[in-house]
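The structure appears right after this line, and notes come after that.
The first residue in the sequence is number 1, and the count goes up from there. Not measured: the values here are computed from a predicted model.
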Amino acid sequence: MSTIQYSIVVPAFRENGNIRPLVTRIFGALSQVNSPVNPHEVEVIIVDDNSRDGSVETVEGLRREGYNVRIIVRTTERGLSSAVVRGFREAQGDSMLCMDADLQHPPEYVPAMLASLSPTKQFSLGTRYAKGVEIDEGWPLYRRVISSGARMLALPLTSASDPMSGFFGIRKESFLKARNLNQHGFKIALDLLVKCSIPSDAIAEVPFSFGVRSEGESKLTGKVIVRYLEQLAELYWYRFSGLIIFAAILVFVLFVLFARALLSSHGGLDNKVQQK
């Protein structure tokens, strides 16, 4: 039996309708003659937030059919980011990939994403903003605007072209370096890029065409957007806290010097008035 080298983590909540096509398409892509990754070295981990929608039974059926997939059902935790972290912690592979369950991340890109990870490329990013890549016409305009705005706000934190992407991979040795991950944040990829200190030359970008959800409901809500803004504030402090503190001290010192100069000047004028 082959040793597991690659782990695909899929956070899910009420995604039973998508699990079977997702898993079968993943292994179908991996089984192609031109696939750079051996399907027998890959496991799929579904991290489910206690959906109770038949997902467990679907995974059990897939396992009986020979697919290397397992499901972790969480009953006391909730949220996409914490689900990804849980899956990465339990993954057997040294190269780990995260993708959505809703088929918006086409499984046919999985072999290229996994193969792009290496000791020199510690992070793999499925990007929607490469030249020639098109987003599905069915994706709503407001989603495009939100995605572009969120991406622009993250530019000072990373050189990655699409840090908002939920289709990404990371090597386990880099993941284990992360400290204080925000498991309630909106975008775990951005958190990992910053807190694992991934340099620009260690990021492999794989262009992919973003699809539309075929089953289930979108998880994007106003509350999620607020959490993203809170996450951005935390990451800005994490990355630039030293600079912010230095700037504050510098402003304070300049203020003190200015105040002293002003007082000295004022005192000199008072002395001249008294002499007259």
Side-chain angles (χ1 to χ4, degrees), residues 2-11 22-23 25-45 68-69 80-81 84-85 87-135 147 151 154-155 157-178 181 187-211:
S2 300
T3 303
I4 297 300
Q5 302 292 334
Y6 307 93
S7 299
I8 302 170
V9 173
V10 183
L22 175 71
V23 172
R25 283 175 61 183
I26 286 174
F27 282 101
L30 292 168
S31 299
Q32 295 297 310
V33 175
N34 60 348
S35 172
V37 175
N38 184 343
H40 300 295
E41 297 178 345
V42 179
E43 65 170 351
V44 175
I45 304 171
N68 190 4
V69 56
L80 186 147
S81 292
V84 175
V85 171
F88 282 171
R89 286 175 177 165
E90 298 204 17
Q92 297 177 32
D94 289 330
S95 294
M96 306 181 297
L97 180 69
C98 171
M99 66 186 301
D100 291 347
D102 57 15
L103 300 174
Q104 289 182 313
H105 301 152
E108 290 70 30
Y109 288 88
V110 164
M113 289 286 290
L114 292 175
S116 67
L117 289 165
S118 70
T120 57
K121 295 295 184 182
Q122 291 287 308
F123 203 94
S124 176
L125 191 66
T127 177
R128 299 161 290 183
Y129 295 98
K131 186 177 181 180
V133 173
E134 296 182 359
I135 296 176
S147 177
R151 176 172 165 253
L155 285 177
L157 296 168
T158 176
S159 64
S161 68
D162 193 5
M164 299 300 99
S165 178
F167 195 18
F168 70 92
I170 188 170
R171 293 277 295 178
K172 180 162 283 187
E173 59 262 35
S174 284
F175 171 72
L176 294 176
K177 294 177 184 176
L181 285 173
K187 291 299 181 182
I188 186 64
L190 177 60
D191 216 46
L192 288 168
L193 281 165
V194 174
K195 294 180 178 176
C196 295
S197 300
I198 306 291
S200 298
D201 60 0
I203 302 173
E205 296 201 345
V206 178
F208 81 100
S209 298
F210 195 66

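Note that the NZ atom of Lys195 and the CG atom of Leu190 stand 9.5 Å from one another [nearest 0.5 Å]. The distance from the CG atom of Leu117 to the CD atom of Gln122 is 8.0 Å, given to the nearest 0.5 Å. Rounded to the nearest 0.5 Å, atoms CG (Leu157) and CG (Leu193) are 9.5 Å apart. Here the CG-NZ distance, from Asp162 to Lys187, works out to 8.5 Å after rounding to the nearest 0.5 Å. Summarising the geometry, atom OG1 belonging to Thr127 is positioned 11.5 Å from atom CE belonging to Met164; distances are rounded to the nearest 0.5 Å. Rounding to the nearest 0.5 Å places CD of Glu108 at 4.0 Å from CZ of Arg25.
Residues Arg171 and Pro119 form a side-chain contact, since some pair of their non-hydrogen atoms from C-beta on lies under 4.5 Å apart. When side chains are defined from C-beta on, Val85 counts as touching Ile188, because their heavy atoms get closer than 4.5 Å. With contacts defined as side-chain heavy-atom distances shorter than 4.5 Å, the pair Leu22/Ile26 qualifies. Between Leu97 and Tyr6, the closest side-chain pair of non-hydrogen atoms is not below 4.5 Å. Between Gln32 and Pro111, every side-chain heavy-atom pair lies at or beyond the 4.5 Å cut-off. Using a 4.5 Å heavy-atom threshold, the side chains of Ile8 and Met99 count as touching. A 4.5 Å side-chain heavy-atom check between Ser124 and Met113 finds at least one atom pair inside the cut-off. Put simply, the side chain of Phe175 reaches to within 4.5 Å of the side chain of Leu181, judged on heavy atoms.
The minimum heavy-atom distance between Ser200 and Ser159, with the atom names listed, is OG-OG, 2.6 Å. Considering every non-hydrogen atom in both Pro163 and Leu125, the closest pair reads N-CD2, 4.3 Å. The shortest heavy-atom contact between Pro11 and Ala101 is O-CB, 4.0 Å. Across every non-hydrogen atom of Ala91 and Ile45, the tightest pair is CA-CD1, 3.8 Å. Minimum interatomic distance between Lys172 and Gly93 (heavy atoms only, all atoms of both residues): CE-O, 3.5 Å. Between Val37 and Ala115, the closest heavy-atom pair is CG2-N, 4.0 Å.
Between the Asp100 side chain and the Asp102 main chain, no donor and acceptor come within less than 3.5 Å of each other. Side-chain atoms of Ser95 never come within 3.5 Å of backbone atoms of Leu114 as a donor-acceptor pair (strictly under, hydrogens ignored). Put simply, the side chain of Lys177 never gets that close to the backbone of Ser197: no donor and acceptor are under 3.5 Å apart. In this structure, Lys121 contributes its side chain and Asp201 its backbone to a donor-acceptor pair below 3.5 Å. Within the 3.5 Å criterion, the main-chain N or O of Phe27 finds a donor-acceptor partner in the side chain of Ser31. In this structure, Asn68 contributes its side chain and Val42 its backbone to a donor-acceptor pair below 3.5 Å. Judged by distance alone, the side chain of Glu43 and the main-chain N or O of Gln92 form a donor-acceptor pair under 3.5 Å.
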Verify side chain to side chain contact (heavy atoms under 4.5 Å, CB included) between Phe123 and Thr158, making sure each step is shown before the conclusion. CA-CA 12 Å; Phe123 203 94; Thr158 176; over 6 Å; no
Check the pair Phe168, Leu192 against side chain to side chain contact (heavy atoms under 4.5 Å, CB included), reporting the backbone distance first and the verdict last. CA-CA 10 Å; Phe168 70 92; Leu192 288 168; 3.6 Å; yes
Candidate pair Asp191 and Ser81, rule side chain to side chain contact (heavy atoms under 4.5 Å, CB included), full reasoning: CA-CA 9 Å; Asp191 216 46; Ser81 292; over 6 Å; no
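Residues that satisfy the ring-ring contact (aromatic ring centres under 6.0 Å, His included) test with Phe167, not counting sequence neighbours, are His105, Phe208.
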